[in-house]
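Structure first, then comments.
Protein chains get the first letters and strands the later ones, always in sequence-line order, with residue 1 at the start of each.
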Amino acid sequence: MPELPEVETIVRGLVPRLEGAELGRARLLFPPLLRRSSGSGLAVLEGKRVLGVRRRGKMILISCEGGWTLVFHLKMTGQLLLAGPDVSVDKHTRLIIPLRGRGLELRFRDVRKFGFLCCLGPGTESSAPELDALGPEPLETGGAAFARRFRGRKGRIKGLLLDQRVVAGIGNIYADEILFRARIHPLTPAAALGDAMLGTLWRSVRSVLRGAIDRKGSTIRDFTDPDGEPGDFQSLHKVYGREGKACLACGTPIRRIRVGGRSTSFCPNCQREPRRRRSRH
DNA sequence: GCCACTGTTAGCAT
DNA sequence: CATGCTAACAGTGG
């Protein structure tokens with residue numbers, strides 16, 4: 001499930017123990033994980049130090065000496081874990097990179113194998129399509145710039161929130177929570193939202209994502225931080241996973257529909273149906 | 001056993 | 001360009 005708040009939680013957990021660490025020899029247990037690499041795979045990393053760990057959208061970027069950058073995407077079930085070498089390695093572990101002198105390993109674990117890793121050489125970071133196509137960071141974008149990404153667009157607002165090219169980092173859970181907070185129906189065409197509502201949407205994006213980061217993310221099934229600790233924002237979800245339960249604002253049963261193939265939960269009273277185009281008669 | 005469902009997103013058809 | 005469906009994979013629950 002890792003969306004922006006979960007990925008941010010992972011990055012914050014990695015920073016103190018990864019930055020400055022020297023990488024050992026990587027063991028790639030599931031080679032298809034490595035989607036893009038310049039030259040000889042991960043061998044180039046051995047002996048290099050980690051200079052920084054940061055997040056871009058839902059991706060984790062680990063920059064190393066020599067201008068090399070590791071880019072992880074966790075997709076549905078990926079995890080980055082810090083474990084002692086004595087901790088058992090299960091069948092879902094896809095990559096192990098020892099951290100020399102720290103008694104720790106960085107491990108990538110991914111039950112469904114959707115996740116990927118890119119190992120980008122010096123100067124190639126901006127040419128990676130995975131990064132290049134991403135929209136702006138929602139927590140670093142002002143209200144006017146945010147509104148501009150949506151204003152006048154014909155697509156449904158939920159679909160646009162999920163589109164990583166429009167804005168980076170929002171996934172299915174937080175899209176529903178954001179729309180509930182903004183009191184916007186998920187099927188509303190973006191073009192039907194005036195600047196006032198786009199402002200409300202922008203503030204909802206920020207408060208929901210910040211609140212979730214404060215709670216260290218949502219654990220629905222298997223999300224954990226690098227130490228294996230779950231988040232607890234799921235206890236504050238207003239609509240996701242609450243189909244049939246009473247809306248916490250008005251008591252109306254939460255409904256679940258499908259929008260663009262994605263399960264979508266909302267309150268039919270708080271989030272009013274967009275005006276349908278009426279056929280003339 | 002079978003079927004539906006799951007937090008992502010790339011690719012392809014319409 | 002927009003929208004909608006499927007696949008990639010594995011596990012869970014009815």
Subject >> Euclidean distance, atom CD1 of residue A/Ile157 to atom C1' of C/dA2 [Å, nearest integer] >> reply: 15 Å
Original post:
Whole Å only: how far is the CG atom of A/Leu162 from the P atom of B/dG7?
Top reply: 10 Å
Subject >> B/dG7: pairing nucleotide in any strand, Watson-Crick or G-U under 3.5 angstrom >> reply: none
Original post:
Which part of the nucleic acid, if any, lies within contact of A/Thr77, taking any heavy atom under 4.0 Å across all strands shown: a base, the sugar-phosphate backbone alone, or nothing?
Top reply: nothing
Subject >> A/Arg256, nearest nucleotide to its side chain (from B/dC5, B/dT9, B/dG7) >> reply: B/dC5
Original post:
So with a 6.0 Å cut-off around CZ of A/Arg206, is the heavy-atom count from everything else above 12?
Top reply: yes
Original post:
In terms of the nearest nucleotide of DNA chain C, which residue is placed more toward the 5' end: A/Lys91 or A/Arg165?
Top reply: A/Arg165
Original post:
Near A/Arg272 CZ, under 6.0 Å, is it more than 12 heavy atoms from other residues, nucleotides or ligands?
Top reply: no
Original post:
With a 4.0 Å cut-off on heavy atoms, is A/Gly155 in touch with a base, just the backbone sugar-phosphate, or nothing at all?
Top reply: sugar-phosphate
Original post:
Where the side chain of A/Lys113 is defined as all heavy atoms beyond and including C-beta, which of C/dG11, B/dG7, C/dC9 is the nearest nucleotide?
Top reply: C/dC9
Subject >> Interatomic distance at P, C/dT6 relative to B/dC3, whole Å >> reply: 16 Å
Subject >> Stacked pair A/Phe223-B/dG7, distance under 5.5 Å, angle under 30° >> reply: no
**OP:** Would you kindly check if the NZ (Lys) or CZ (Arg) of A/Arg94 is within the cone defined by 45 degrees around the ring axis of A/Phe30 and under 6.0 Å from the six-membered ring centre?
**Re:** yes
Original post:
Contact class for A/Arg258 vs. all strands (heavy atom < 4.0 Å): base, sugar-phosphate, or nothing?
Top reply: sugar-phosphate
**OP:** May I ask you to list the residues sharing a hydrophobic cluster with A/Ile96, side-chain cutoff 4.5 Å, ordered by chain and number?
**Re:** A/Leu29, A/Val89
Original post:
Can you tell me how far P of B/dG7 sits from CD of A/Gln234, to the nearest Å?
Top reply: 15 Å
**OP:** May I ask which nucleotide in the shown strands pairs with C/dC9, Watson-Crick or G-U wobble, both distances under 3.5 Å?
**Re:** none
Subject >> Side chain of A/Arg112 (C-beta onward), nearest among B/dT6, C/dA2, B/dG7 >> reply: B/dT6
Original post:
Which residue lies toward the 5' end of DNA chain C, A/Arg221 or A/Leu160, if each is placed at its nearest nucleotide?
Top reply: A/Leu160
Subject >> Atom P, compared across C/dC5 and B/dA4: separation rounded to whole Å >> reply: 16 Å
Original post:
How long is the line joining CD of A/Glu6 and C1' of B/dG7, in whole Å?
Top reply: 8 Å
**OP:** Determine the contact category for A/Asp222: base if any of its heavy atoms lies under 4.0 Å from a base atom, sugar-phosphate if only primed atoms, P, OP1 or OP2 are that close, otherwise nothing.
**Re:** base
Original post:
If you check every side-chain atom of A/Arg156, which of B/dT9, C/dG4, B/dG7 has the closest atom?
Top reply: C/dG4
Original post:
Which listed nucleotide (C/dG11, B/dT6, B/dT9) is nearest to the side chain of A/Val111?
Top reply: C/dG11
**OP:** May I ask you to say what A/Arg153 touches in the nucleic acid, namely base, sugar-phosphate or nothing, with a heavy-atom cut-off under 4.0 Å?
**Re:** sugar-phosphate
Subject >> A/Glu8 and A/Arg12 ion-paired at < 4.0 Å >> reply: yes
**OP:** Look at A/Asp176 together with A/Lys238 and state whether they make a salt bridge at an N to O cut-off of under 4.0 Å.
**Re:** no
